[in-house]
Amino acid sequence: MSERNYYDEYLEHLKKRTAELIGQQQQIAQYCVHLYEHTYITNSDDEVDQLKQILGVKTDTKSVSFEPLIEVVERLSDKATADLFRYVTEHATEYPYSVGYTRRPYRTSDISLHIAPILSQLISLFFLNAYEFDLHTYLTERDYPLTKIIGYKKKRLLFILLTHGITIKLK
């Protein structure tokens, strides 16, 4: 018996939904799918630069509208995931920012420095959806079957959501 390939199934789902979009939404969705395929995101990625241009992010930007990206997230997944991502974008500057393994984190209100972490959280949400993660079950069952896929970034995302009283059930 072969094990279900959640990642590939969700990738196909994302590609199918992307094909249904048109114009700028399709372009944003293609960048999201590319980031999902490659999982490791840095501010120097071409897709990140393209998304920054679409969203109008410039250096020393205090705020930016993520609505075009949030709308695409809703079209690619569902409203609950889009709402969670909206929360992440609205509160990103409240969390420390750092680059590299050995660099100490610091806080900054410059949203342009938080783009890669925000997109990383988006990809984490996509992974949680792909693996049909259920937070309530994860927290209440001792031997949750997908514990091995809940890596550092996904745990960080869950911590952020839990510390702000957000309850989720991703499907």
Side-chain angles (χ1 to χ4, degrees), residues 1-55 57 64-92 95 99 114-139 141 143-162 166-171:
M1 185 171 128
S2 66
E3 190 173 315
R4 183 174 172 192
N5 191 336
Y6 292 93
Y7 172 84
D8 287 339
E9 285 178 23
Y10 200 71
L11 180 59
E12 287 305 312
H13 164 81
L14 290 175
K15 287 180 178 180
K16 179 182 171 201
R17 291 278 177 99
T18 297
E20 296 169 358
L21 301 174
I22 57 171
Q24 187 180 47
Q25 283 193 336
Q26 187 177 52
Q27 186 181 15
I28 292 171
Q30 288 169 341
Y31 295 138
C32 291
V33 170
H34 180 81
L35 294 172
Y36 177 77
E37 288 177 298
H38 294 90
T39 65
Y40 186 76
I41 301 168
T42 66
N43 274 323
S44 62
D45 290 343
D46 290 338
E47 290 74 23
V48 174
D49 289 338
Q50 295 297 326
L51 284 170
K52 282 181 180 181
Q53 282 184 343
I54 291 170
L55 298 172
V57 177
V64 67
S65 174
F66 285 92
E67 282 308 311
L69 181 56
I70 293 168
E71 288 172 12
V72 169
V73 170
E74 185 171 353
R75 299 287 302 274
L76 291 175
S77 55
D78 57 22
K79 183 164 176 26
T81 302
D83 290 343
L84 291 171
F85 184 62
R86 178 177 284 110
Y87 180 88
V88 168
T89 62
E90 290 171 355
H91 297 277
Y95 295 92
V99 176
H114 291 276
I115 297 298
I118 287 170
L119 294 173
S120 180
Q121 298 304 321
L122 171 61
I123 301 311
S124 293
L125 283 171
F126 283 165
F127 270 99
L128 291 172
N129 277 342
Y131 286 88
E132 300 171 350
F133 180 79
D134 175 27
L135 180 61
H136 178 65
T137 307
Y138 176 71
L139 294 174
E141 286 186 15
D143 295 321
Y144 190 77
L146 298 175
T147 302
K148 63 181 180 256
I149 65 114
I150 308 301
Y152 168 76
K153 289 181 183 177
K154 290 160 199 69
K155 285 183 183 176
R156 181 171 174 257
L157 174 65
L158 294 175
F159 173 76
I160 290 169
L161 299 175
L162 286 172
I166 294 178
T167 57
I168 61 173
K169 182 167 185 172
L170 300 173
K171 292 183 180 180

Requested in this report: Please report the C-alpha distance between Y31 and L119 in whole Å, then the side-chain angles of each, then the deciding distance to 0.1 Å, and finally whether the side-chain contact (heavy atoms from CB on, under 4.5 Å) criterion is met.
Outcome: CA-CA 10 Å; Y31 295 138; L119 294 173; over 6 Å; no
Report summary line: Rounding to 0.5 Å, atoms CG (L122) and CG (L35) come to a distance of 8.0 Å
Report task. Check whether any side-chain N or O of S124 sits under 3.5 Å from a backbone N or O of S120 as a donor-acceptor pair, and report yes or no. Result -> yes
Query - Residue pairs, two or more places apart or on separate chains, that pass salt bridge (charged side-chain N to carboxylate O under 4.0 Å, His left out) and touch residues 79-89 - result: E67-R86, K79-D83, D83-R86
Query raised in the report: Which residues satisfy the side-chain contact (heavy atoms from CB on, under 4.5 Å) test with Q30, sequence neighbours excluded?
Result: T18, Q26
Query raised in the report: Has the side chain of R75 got a donor or acceptor atom that lies under 3.5 Å from a matching backbone atom of R17?
Result: no
Query raised in the report: Do Y87 and H91 have ring centres separated by under 6.0 Å?
Result: yes
Query raised in the report: Pairs in or reaching into residues 18-37: which pass salt bridge (charged side-chain N to carboxylate O under 4.0 Å, His left out), with residues at least two apart or in two chains?
Result: K15-E37
Report summary line: Note: F126 and Y10 closest approach over all heavy atoms is O-CE2, 3.5 Å
Query raised in the report: At their closest point, which heavy atom of I123 faces which heavy atom of C32, and how far apart are they?
Result: CD1-O, 3.9 Å
Report summary line: The reported gap from OG1 in T89 to CD1 in I70 (rounded to nearest 0.5 angstrom) is 4.0 Å
Report task. Work out which heavy atom in I28 is nearest to a heavy atom in P68; give both atom names and the distance. Result -> CD1-CB, 4.0 Å
Query raised in the report: How close do V48 and I115 get, heavy atom to heavy atom, and via which atoms?
Result: CG1-CG2, 3.9 Å
Report task. Start with the C-alpha distance between Y7 and Y36, add both sets of side-chain angles, then the distance that settles side-chain contact (heavy atoms from CB on, under 4.5 Å), and finish with yes or no. Result -> CA-CA 9 Å; Y7 172 84; Y36 177 77; 3.3 Å; yes
Report summary line: Here the gap from L128 atom CG to S77 atom OG, rounded to the nearest 0.5 Å, amounts to 11.5 Å
Query raised in the report: Rounded to the nearest 0.5 Å, how far apart are CG of D78 and CG of N129?
Result: 5.5 Å
Query raised in the report: If you look at every heavy atom in H13 and L76, which pair is closest and at what distance?
Result: NE2-O, 2.8 Å
